Participant: 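Input: one structure, supplied below.
This is a predicted model, so every value here is computed, not measured. First listed ligand is number 1; within each ligand, the first listed atom is number 1.
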Amino acid sequence: METNTNLDLLQSGLINDEIKTVAINCLQWGDTGKGKIIDMLSDWADIVARGTGGDNAGHTVWYGNNKYVSHLIPCGNPAKTNVMGSGMVINPKSLFDEIEAAKMNNIVHKDLMLALNAALILPFHLVQDNLSEISAGKQKIGTTGRGIAWAYADQVNRSGLFVNHLLNKDFLAKKLRDNYETKKSFFASFDPQLIRAILDSMRLEGGLYWDEKNLFNLDAIIEKYYLYGQELKDLICDTDKFIKQNVGFKKIAIEGAQGLGLSNKYGTYPYVTSSDCSPYGSAEGIGLNYSQVDLSLGVIKAYVTRVGHGPFPTEMGGDFSENWCNNLSINRAKEMLILKGDDPSEQYHSFDQDFLFGMKLRMIGDEYGATTGRPRRVGWLDLPLLRYAMNFGVKDLVMTKLDVLNDCDFIRICNAYHYSGCSYNYGNRSLGYGDIFRETIMNYDVIKDCKPVYIDLPGWKTDISECRKSSDLPQNLLNFLGFVSRQTGARIRVISTGFRRENVIFA
Ligand code: IMP
Ligand code: MG
């Protein structure tokens, strides 16, 4: 029997019988609500497969009134085959905990697969991540602290371990000891008590891996990792081969993680994550070539957010907002007090209006990290960034969280950048102060000095949560969608008007 979403999908013409492989990727800096779209597509798909990143990601899906966040397991229908692909980095503790948490929520994954050749995150990697962020001072990236970059780095520098090592204790022990040898001097350069404090966290088994004399208790790590391997062994298999055998026959949904702006290869480097989380990379990460994707869906929000540091031309409140959101003492509860005018310690009325408006949208959109709880920086929709994304063979868009803008008097859109930096050679192009760019130049030296050129459209000022089809939508919202389409050449095929499953409209 076809489910409702399945019927809608087919009737909308978005999916037809010719389409077997669909990719869903965020075209901004992550957190665009891919989870809900993947969840929807997973009713159609036989297989949902993810190919990049690790437990730095957080996908939120609502089942009725229950919020469920997945970090590693694809957020699709648990009755389908869910694959964690070879391009991912896996922290076995996080995966084990996530499976247990899912069970507690009565979500039992019937057919979960874990790539035997996905890179393994070791306790060293989490410690390295935290130490390097501490010592980076002002240059820090604002990582999720999950050791992602360091696990990928080991894979690239040929000292890494893979999931399959969990199944072979002797190999695990030898590889892990060898890996540690490459890092000993790095760790020795830090205060041991700092390392101890990091190792004390529950994420690192509450001090189990600490050793007074040698810093790390390698035997304890080997023992624990082997135990995780025993817990996970039924999932571990050659997923690349499985996907290659099924592509073109079974219906596959590729779950992107993070977003194009965070891609190590195509994003705002060095303020990126460490995988290629572009549409290309997400296909490669499950063992496919992007040309094997029949339908590539790009997901954008009606505005933009970014977590951690890095250039963000349309940020409301600019540098002040960046610093604010990266201040660890700021959280949702605190911002709630400020917005209500109840925070005695804050001179909230002296805040810049733009910044306050961003904070308001952050609250309405619940823009607090699913993984770290950090406030996400908020900005207006960025069309130069979207035009850049269109180069990745994505024509069809899903626009989410339109409801967050319901109360806005006007909808601001960045339609170009004004370059305010010094003379700069970008290949054979000479850039200079005052240049106008219609498309993002994805180079940190340039983008950090790009200022948005905005246009304002009238807001719709209507609650859209009860709208079920395009013709129910307010004209000003349709005008906004039309503007984005005309300016970028993208087709907006699906819009999301609320967090619930039914808040989806096929355009
Ligand atoms: P890492 O992936 O933990 O190394 O962090 C690198 C950068 O990517 C930081 O700015 C993070 O905030 C960002 N990042 C990583 N994963 C996500 C995600 O799932 N959503 C949004 N930002 C992310
Ligand atoms: Mg997320």
Participant: With atoms numbered from 1 as shown, which atoms in ligand 1 lie under 4.0 angstrom from a non-hydrogen atom of Arg374?
Facilitator: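 Selected atoms, number and element: 12 (O).
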
Participant: Sequence neighbours left out, cut at 3.5 Å: what donor-acceptor pairs do the side chains of residues 191-198 make with other protein atoms?
Facilitator:
from: Asp191; atom 1: OD1; to: Gln193; atom 2: N; distance (Å): 2.9

Participant: Can you tell me which residue pairs pass the side chain to side chain donor-acceptor pair (under 3.5 Å) test with a partner in residues 396-408, sequence neighbours excluded?
Facilitator: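 For residues 396-408: Glu367-Lys401, Asp396-Arg491, Asp396-Arg493, Asn406-Trp460.
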
Participant: At under 4.0 Å between heavy atoms, which part of Leu262 makes contact with ligand 1: side chain, backbone, both or neither?
Facilitator: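 The side chain, only.
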
Participant: Considering the heavy atoms of Gly142, write down every atom of ligand 1 situated less than 4.0 Å from one of them.
Facilitator: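 Those atoms are 9 (C), 10 (O), 11 (C), 12 (O).
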
Participant: Less than 4.0 Å is my threshold; does some heavy atom of Val272 fall inside it relative to ligand 1?
Facilitator: yes

Participant: Quick check: do Asp154 and Phe124 have side-chain heavy atoms less than 4.5 Å from each other?
Facilitator: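 In short, these two side chains do not touch, never coming nearer than 4.5 Å.
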
Participant: Examine ligand 1 and decide if any of its atoms is less than 4.0 Å from a heavy atom belonging to Trp29.
Facilitator: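 Flag set, Trp29 near ligand 1.
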
Participant: Considering only heavy atoms from C-beta outward, does the side chain of Phe437 approach that of Val446 to under 4.5 Å?
Facilitator: yes

Participant: Should Asp31 be counted as touching ligand 1, given the test is an N or O pair under 3.5 Å?
Facilitator: yes

Participant: Is the closest heavy-atom distance from Gln258 to ligand 1 below 4.0 Å?
Facilitator: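 Gln258: in contact with ligand 1 (<4.0 Å).
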
Participant: Is there side-chain contact between Asn91 and Arg146, with heavy atoms separated by less than 4.5 Å?
Facilitator: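 No; the side chains remain at least 4.5 Å from each other.
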
Participant: For ligand 1, is there an N or O atom under 3.5 Å from any N or O atom of Thr144?
Facilitator: yes

Participant: Is Val307 in polar range of ligand 1, meaning some N or O pair under 3.5 Å apart?
Facilitator: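 Yes, there is a polar N/O contact under 3.5 Å.
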
Participant: If I apply the N/O under 3.5 Å rule, does Ser274 come out as touching ligand 1?
Facilitator: no

Participant: With no hydrogens and no angle check, is any side-chain donor or acceptor of Glu98 less than 3.5 Å from a backbone partner on Leu72?
Facilitator: yes

Participant: Which ligand 1 atoms are under 4.0 Å away from a heavy-atom of Thr143?
Facilitator: 1 (P), 3 (O), 4 (O), 5 (O), 9 (C)

Participant: Please work out which of the three classes, parallel, tilted or perpendicular, describes the rings of Tyr444 and Tyr271, given edges at 30° and 60°.
Facilitator: tilted

Participant: Are any of the side-chain heavy atoms of His309 and Glu322 separated by less than 4.5 Å?
Facilitator: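 Yes - at least one pair of side-chain heavy atoms lies under 4.5 Å apart.
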
